[in-house]
Student: 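Structure incoming, see below.
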Amino acid sequence: MASQVTALKWRPQTFDDLVGQEVVSQTLKNAIKSDRVHHAYLFAGLRGSGKTSSARIFAKALNCEQGPTDTPCLKCPSCEEIKLGNALDVVEIDAASNNSVDNIRELRELVRYNAARDRYKIYIIDEVHMLTTSAFNALLKTLEEPPPNVVFIMATTELHKIPATILSRCQQFDFRQIPLFKIEARLRVIADSSKLDIDDESLTLVAQASGGSMRDALSIFDQVIAASGEKITGLDVRSILGVVEDAILIDLLTGVVKQSADQVFGRINELVHYGHDLKQVYETFTGFIRDSIVLKSCADTSELLERRYGHGDSHQETLGDMGTPDLIRMLDVLVKHEPVFRQAASPRYAFELVFLKLLEQRKLVPIERMLDDLKTFVENEKKNG
Ligand SMILES: Nc1ncnc2c1ncn2[C@@H]1O[C@H](COP(=O)(O)OP(=O)(O)OP(=O)(O)O)[C@@H](O)[C@H]1O
Ligand SMILES: [Mg+2]
Ligand SMILES: [Zn+2]
């Protein structure tokens, strides 16, 4: 499938190539430089954020002919074979399809043999959360006291499914969502090196749709390229991805701020008329309110926003009319109703219901304002009396 191509072609090959996981790469580099290599690692975090890639980079760093080194040469047989996935001393196991206790017993037997050629024998166990309880138990002893020069690197997207007994025997690394601007920058490098005529807005839209996963960003990127002509603009990408326009979000928000049921219902009517996916609008609107809170509360928002907002002025103006507590109350309603919304037989009614609640809520005077008013009243009474 075409969507695989860019992600695979652009798999990071060195620590410096890895985007947005600086803490991880720095710590692993330090471990190598100071010769403090642990025997069991757990890479946990978001899908498509660099876990398998980092495991392979670390394997190269350990087994490179010129190593151990934090800058593997990428040319020696070890580096080459690890890249291609056929190194004898780097064994990749997919725990999703090898999750039984027998599989782990086989692994335990294997572990007893020394590395065939390279410095370390490295086992990369992917999707490790898929192991059965007895398989995990069978693994414990080996993790605790592996033979010398054996390194385990386990990877998972579901940290909460890993037993505490395993966690306490591993060094854990967290793979974070990759910030929007770093994904944009990577996409720009890839687009330019592929000589693609694509504007910045398009790349922003792709990065926004990725949820911080680089693999998702690259798959969406491939999807956009496949569906577009030679020149790709934001307008094309919006329609390919069904992106919700900023203007819609701002209109819905000002409708609530002004308590205009006409505006809110009118907008929803249009959304339905133009065939928007209301679930996607709901999710985007929730993210928009969340981002608005971030904009109002945080000094440095560069790594925090999920989206960029083109209509800066009208957004700022609307936000000016709202206090952060107002926005927090809105977010509360949106988040709490998300499960209701997801199960609703008619998304339109659920959507309208949520907005009716937001409108109602605006009518209620927040407690802090009431207290303020009361204070002013008492002070005035004192002055006058
Ligand atoms: N941090 C990153 N920097 C650069 N590219 C990345 C990064 N993370 C992922 N990618 C891209 O996504 C592809 C898949 O990454 P990788 O296999 O390392 O993800 P993963 O975290 O193991 O995902 P999963 O949880 O689904 O196994 C890579 O080939 C690469 O193109
Ligand atoms: Mg992986
Ligand atoms: Zn090498």
Side-chain angles (χ1 to χ4, degrees), residues 1-26 28 32 41-85 87 89-90 92-97 117-120 122 124-130 153-159 161-162 173-191 193-194 206-207 210-222 303:
M1 212 171 76
S3 67
Q4 281 295 310
V5 175
T6 306
L8 287 188
K9 189 167 160 208
W10 286 84
R11 188 186 281 288
Q13 298 299 331
T14 61
F15 286 119
D16 294 334
D17 210 9
L18 199 65
V19 178
Q21 309 298 356
E22 290 77 11
V23 179
V24 173
S25 33
Q26 198 52 51
L28 290 175
I32 291 165
Y41 291 89
L42 179 66
F43 292 175
L46 185 71
R47 65 182 190 285
S49 60
K51 297 180 296 296
T52 303
S53 307
S54 302
R56 292 198 189 154
I57 296 171
F58 192 47
K60 279 184 274 189
L62 291 175
N63 276 356
C64 175
E65 230 172 59
Q66 331 238 333
T69 165
D70 58 350
T71 50
C73 77
L74 308 183
K75 291 192 212 86
C76 70
S78 302
C79 285
E80 281 277 349
E81 289 168 14
I82 293 169
K83 179 180 176 187
L84 298 173
D89 290 323
V90 179
E92 289 198 31
I93 300 159
D94 176 16
S97 45
R117 176 193 64 199
D118 297 335
R119 216 166 283 114
Y120 287 93
I122 299 164
I124 300 176
I125 312 181
D126 237 326
E127 315 290 341
V128 67
H129 61 270
M130 300 290 278
I153 308 172
M154 295 173 280
T156 180
T157 44
E158 304 193 34
L159 185 59
K161 291 191 181 159
I162 311 293
F173 287 83
D174 296 317
F175 284 70
R176 302 186 309 151
Q177 273 193 359
I178 302 167
L180 189 60
F181 76 96
K182 291 191 180 163
I183 297 187
E184 287 168 334
R186 177 83 168 176
L187 290 174
R188 176 45 74 200
V189 170
I190 295 175
S193 92
S194 326
V206 170
S210 72
S213 157
M214 188 67 87
R215 187 199 291 112
D216 285 11
L218 297 179
S219 314
I220 298 167
F221 182 71
D222 283 342
E303 294 213 6

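Since the structure is predicted, the reported quantities are computational estimates derived from the model, not experimental observations. Heavy atoms only: backbone and side chains are in, while hydrogens, waters and symmetry mates are out. For ligands, and for the atoms within them, numbers begin at 1 and follow the listed sequence.
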Student: How far is atom 23 (O) of ligand 1 from its nearest protein heavy atom, and which residue and atom name does that atom have?
Tutor: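 Scanning the protein heavy atoms, the shortest distance from atom 23 (O) of ligand 1 goes to G48 N, 2.8 Å.
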Student: Can you tell me how far the CZ atom of F175 sits from the CZ atom of F43, to the nearest 0.5 Å?
Tutor: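 Atom-to-atom, F175:CZ and F43:CZ are 5.0 Å apart.
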Student: Report, rounded to 10°, the angle at the Zn ion (ligand 3) between the two atoms SG (C64) and SG (C79).
Tutor: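 About 110° at the Zn ion (ligand 3).
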Student: Tell me: protein heavy atom nearest atom 6 (C) of ligand 1, and distance?
Tutor: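 Going by distance alone, atom 6 (C) of ligand 1 is nearest to M214 CG, 3.4 Å.
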Student: Which residue holds the protein heavy atom closest to atom 27 (O) of ligand 1, what is that atom called, and what is the gap in Å?
Tutor: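 Of the protein heavy atoms, R215 NH2, 3.8 Å lies nearest.
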Student: To the closest 0.5 Å, what do you measure between CG (L18) and CG (L28)?
Tutor: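 One finds 9.0 Å between CG of L18 and CG of L28.
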Student: Show the atoms of ligand 1 that are less than 4.0 angstrom away from any heavy atom in V19.
Tutor: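 What qualifies from ligand 1 is 1 (N), 2 (C), 3 (N), 4 (C).
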Student: To the nearest 0.5 Å, what is the distance between CG on N63 and CD on E81?
Tutor: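 CD of E81 is found 10.0 Å from CG of N63.
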Student: May I ask you to list the atoms of ligand 1 that are less than 4.0 angstrom from any heavy atom of W10?
Tutor: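 Answer for ligand 1: 30 (C), 31 (O).
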Student: Please indicate whether R176 has more than 12 foreign heavy atoms, meaning atoms of other residues, nucleotides or ligands, lying under 6.0 Å from its CZ.
Tutor: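 Open: at most 12 neighbouring heavy atoms sit under 6.0 Å from CZ of R176.
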Student: For atom 15 (O) of ligand 1, find the nearest protein heavy atom and state the residue, atom name and distance (0.1 Å precision).
Tutor: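 Ranking protein heavy atoms by distance from atom 15 (O) of ligand 1, first comes S53 OG, 3.7 Å.
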Student: Which option wins on minimum heavy-atom distance to atom 22 (O) of ligand 1: T156, D17, I183, T52?
Tutor: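 The option holding the nearest heavy atom is T52.
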Student: Considering only heavy atoms of T157, which atoms of ligand 1 have at least one such atom less than 4.0 Å away?
Tutor: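 Answer, ordered by atom number: 25 (O).
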Student: Does any N or O of ligand 1 fall below 3.5 Å from an N or O anywhere on R47, backbone included?
Tutor: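 R47 vs ligand 1: no N/O contact under 3.5 Å.
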Student: Which heavy atom of the protein is the closest neighbour of atom 17 (O) of ligand 1, given with residue, atom name and distance?
Tutor: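 Answer, as residue, atom name and distance: R11 NH1, 3.1 Å.
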Student: Find all atoms of ligand 1 within a distance of less than 4.0 Å from any non-hydrogen atom belonging to I178, and give their numbers and elements.
Tutor: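 The atoms of ligand 1 under 4.0 Å from a heavy atom of I178 are 1 (N).
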Student: Could you give the distance from CZ (R56) to CD1 (I153), rounded to the nearest 0.5 Å?
Tutor: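 That separation rounds to 11.0 Å.
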Student: In Å, rounded to the nearest 0.5 Å, how long is the span from NZ of K182 to CD of Q21?
Tutor: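 Nearest 0.5 Å value for the NZ-CD distance: 8.5 Å.
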Student: Would you call the rings of F58 and Y41 parallel, tilted or perpendicular, taking 30° and 60° as the class edges?
Tutor: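 Plane angle over 60°, so perpendicular.
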Student: Give the residue, atom name and distance (to 0.1 Å) of the protein heavy atom nearest atom 20 (P) of ligand 1.
Tutor: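 Scanning the protein heavy atoms, the shortest distance from atom 20 (P) of ligand 1 goes to K51 N, 3.5 Å.
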Student: Test your reading of the structure: does S49 have an N or O sitting under 3.5 Å from an N or O of ligand 1?
Tutor: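 Checking ligand 1 against S49, an N or O pair does fall under 3.5 Å apart.
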Student: State plainly whether the residues D118 and K60 are in salt-bridge range, i.e. N to O under 4.0 Å.
Tutor: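 No, no charged N to carboxylate O under 4.0 Å.
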Student: What residue and heavy atom of the protein are closest to atom 31 (O) of ligand 1, and at what distance?
Tutor: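 Looking at atom 31 (O) of ligand 1, the protein heavy atom closest to it is A7 O, 2.5 Å.
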Student: Pull out every atom of ligand 1 sitting under 4.0 Å from any heavy atom of L218, numbered as shown with elements.
Tutor: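 With L218 as reference, the close atoms of ligand 1 come out as 31 (O).
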Student: Nearest to atom 4 (C) of ligand 1, what protein heavy atom do you find, and at what distance?
Tutor: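 For atom 4 (C) of ligand 1, the nearest protein heavy atom comes out as P12 CG, 3.6 Å.
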Student: Minimum heavy-atom separation for S54 and G50, please, with both atom names.
Tutor: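 It is OG-O, 2.6 Å.
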Student: Distance-only, no hydrogens or angles: does the Q13 side chain make a donor-acceptor pair with backbone N or O of R11 under 3.5 Å?
Tutor: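 It does hold such a pair.
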Student: Can you name the one residue among I190, V189, I183 that meets side-chain contact (heavy atoms from CB on, under 4.5 Å) with R186?
Tutor: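 Filter result, single survivor: I190.
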Student: Taking 2.8 Å as the cut-off, does S53 contribute an N, O or S atom near the Mg ion (ligand 2), distance below it?
Tutor: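 Of the N, O and S atoms in S53, none lies under 2.8 Å from the Mg ion (ligand 2), which means no.
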